[in-house]
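It should be emphasised that the depicted structure is a prediction, and the values quoted were computed from it without experimental measurement.
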Amino acid sequence: MELGATTALYPLHRCKTIYLVRHAQGIHNVAGEKDFGAYMSHELFDAQLTPLGWNQVDGLREHVKKSGLAEKIELVITSPLLRTMQTAVGVFGGEKYTDGVNAPPLMVENAGHSGRPAVSSLNCPPFIAVETCREHLGVHPCDKRRSITEYRPLFPAIDFSLIENDGDVLWEPDVRETNEAVALRGMKFMDWLWTREEKEIAIVSHSGFLFHTLSMYSKECHPTIRDEVSKHFANCELRSMVLVDRSMLGSYSSRFNYAGKNPTGLDVPSDIADKKQVDEAQKN
């Protein structure tokens, strides 16, 4: 049989399943589609979701529930911008928050002028905000975040502890991050995922970040796979992918592998073993 490279094998414990999501439609998407120059508008600072965007969130949430994905995800990572956090809690959060529940909500009522009810943190995975998976940095006010002090009251159950600075020190008004820098940042983010113990992780991020990161990863793929992996995300699109630890970044061992070994004792038929045991006993 002639060997080929059409398939590949890799140890399961060296893999993670990641669910990549682009945020739902934001007010900046609507304005930018009409006039690209609108992205320079300070009125779009830290853009929130549109009513259509919230409908997209509801649609993806229903899919996540019906497909069984909601029960598999162990961690939700979100970019710390308003539109990504709204999308993350709307899709992967608990049911509606009610008074008397002894747990902080993932999102308070009307956060970001959404007109939406509060979202519970019960019966859902933990949420953490991570700067590394933000959109292109700089110039566009829609990509500048608020202070963590402002976000915490809006999203009480999101963990912001990995963000070092309260204010946005990464965004610059006159310098736009290059595509290459975004891709490099994305690869560092993917490497960082191997510091996490969770195996099934949802990541809510942005179009540019996802496109440039996945374009870098897919360079060695077959053209068909490359096109599938690196094409632009639609608003609130979810794609499932397997992340492989080729550089042994993680320190995991398999929970399922079993090193074959013989049981203790004589590896002979039971009738012979019994006779030998009797003989040994008589000698003693």
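- Looking only at distances, no side-chain donor or acceptor of E33 sits under 3.5 Å from a matching main-chain atom of V30.
- Side-chain atoms of E200 never come within 3.5 Å of backbone atoms of I73 as a donor-acceptor pair (strictly under, hydrogens ignored).
- Side chain of Q86 to backbone of A111: a donor-acceptor contact under 3.5 angstrom is found.
- Closest approach of L44 and A31 over heavy atoms only: CD1-CB, 4.0 Å.
- With a 4.5 Å cut-off on side-chain heavy atoms, L193 and L243 count as touching.
- No side-chain heavy atom of V21 sits under 4.5 Å from any side-chain heavy atom of V91.
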- Message: Is there a side chain to side chain contact (heavy atoms under 4.5 Å, CB included) between R239 and E228? Walk through the geometry before answering.
- Response: CA-CA 10 Å; R239 293 184 205 164; E228 180 180 350; over 6 Å; no
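- Looking at every heavy atom in both residues, Y151 comes nearest to L82 through OH-N, 3.7 Å.
- C142 contributes atom SG, which lies 5.0 Å from atom NE2 of H28 (distance to the nearest 0.5 angstrom).
- Considering all non-hydrogen atoms of both residues, E43 and I27 come closest at O-CD1, 4.4 Å.
- Looking at L20 and L238, their side chains never come closer than 4.5 Å, going by heavy atoms from C-beta outward.
- In terms of modelled atom types and a separation under 3.5 Å, the side chain of Y19 and the main chain of I203 share no donor-acceptor contact.
- If you chain together hydrophobic residues whose side chains sit under 4.5 Å apart, M241 and W194 fall into the same group.
- In terms of heavy atoms, A202 sits closest to F92 at CB-CZ, 3.8 Å.
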- Does the salt bridge (charged side-chain N to carboxylate O under 4.0 Å, His left out) test come out yes or no for D143 and R83, once each step is laid out? CA-CA 10 Å; D143 298 327; R83 59 190 181 270; 2.6 Å; yes
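- Considering all non-hydrogen atoms of both residues, P156 and P104 come closest at CB-CB, 4.0 Å.
- Between the side chain of W171 and the backbone N or O of H140, at least one donor-acceptor pair lies under 3.5 Å.
- Sequence neighbours left out, not one pair with a member in residues 202-211 passes salt bridge (Lys or Arg N to Asp or Glu O under 4.0 Å).
- Side-chain contact check for L137 versus E172: every heavy-atom pair is 4.5 Å or farther apart.
- Cluster annotation: L75 and L162 are assigned to the same hydrophobic cluster (Ile/Leu/Val/Met/Phe/Trp/Tyr, side-chain heavy-atom contacts under 4.5 Å, transitive).
- Taking CG of L170 as the reference point, atom CG of N165 lies at 7.5 Å (rounded to 0.5 Å).
- Taking the side chain as every heavy atom from C-beta outward, V242 and Y10 never approach each other to under 4.5 Å.
- Note on residues 57-68: pairs passing salt bridge (Lys or Arg N to Asp or Glu O under 4.0 Å), not counting sequence neighbours, are D58-R116, R61-E95, E62-K66, K65-E95.
- Listed by chain and number, the residues in a side chain to side chain contact (heavy atoms under 4.5 Å, CB included) with Y217 are M187, M190, D191, T213 (sequence neighbours excluded).
- Between the side chain of R176 and the backbone N or O of G138, at least one donor-acceptor pair lies under 3.5 Å.
- Cluster annotation: F211 and I77 are assigned to distinct hydrophobic clusters (Ile/Leu/Val/Met/Phe/Trp/Tyr, side-chain heavy-atom contacts under 4.5 Å, transitive).
- Taking the centre of each ring, H212 and H136 come in below the 6.0 Å mark.
- Side chains of K231 and L214 form no contact here, defined as non-hydrogen atoms less than 4.5 Å apart.
- Ion pairing of D168 with R134 is present here, as a side-chain N (NZ or NE/NH1/NH2) and a carboxylate O approach within less than 4.0 Å.
- Within the 3.5 Å criterion, the main-chain N or O of P105 finds no donor-acceptor partner in the side chain of S120.
- Distance alone, capped at 3.5 Å, is enough to place a donor-acceptor pair between the K199 side chain and the C15 backbone.
- Among all heavy-atom pairs drawn from G93 and C124, the shortest one is C-CB, 4.0 Å.
- Atom CG of residue L81 and atom NZ of residue K144 lie 11.5 Å apart, to the nearest 0.5 angstrom.
- Looking at K16, its side chain never comes within 3.5 Å of a backbone N or O of I201 through a donor-acceptor pair.
- Residues F209 and R185 have side chains in contact (heavy-atom distance under 4.5 Å, counting atoms from C-beta outward).
- N29 places none of its side-chain heavy atoms less than 4.5 Å from the side chain of T50.
- In this structure, I148 CD1 and F160 CZ are separated by 5.5 Å, a value rounded to the nearest 0.5 Å.
- The pair D166-R145 does not meet the salt-bridge criterion, since no charged nitrogen lies less than 4.0 angstrom from a carboxylate oxygen.
- Residues L69 and V89 are members of one and the same hydrophobic cluster, defined by side-chain heavy-atom contacts under 4.5 angstrom among Ile, Leu, Val, Met, Phe, Trp and Tyr.
- Here T78 contributes atom OG1 and L106 contributes atom CG; the two are 10.5 Å apart, rounded to the nearest 0.5 Å.
- Taken from CG in L49 to NE2 in H113, the straight-line distance is 13.0 Å, to the nearest 0.5 Å.
- Neither V182 nor Y39 shares a network with the other; the hydrophobic side chains, linked directly or stepwise wherever heavy atoms of I, L, V, M, F, W or Y lie under 4.5 Å apart, form separate groups for each.
- Side-chain contact annotation: H232 with R22, donor-acceptor N/O pair under 3.5 Å absent.
- Donor-acceptor pairing under 3.5 Å is lacking for the side chains of S205 and H23.
- Side chain of D35 to main chain of G32: no donor-acceptor pair is present (N/O by atom type, distance under 3.5 Å, no hydrogens or angles).
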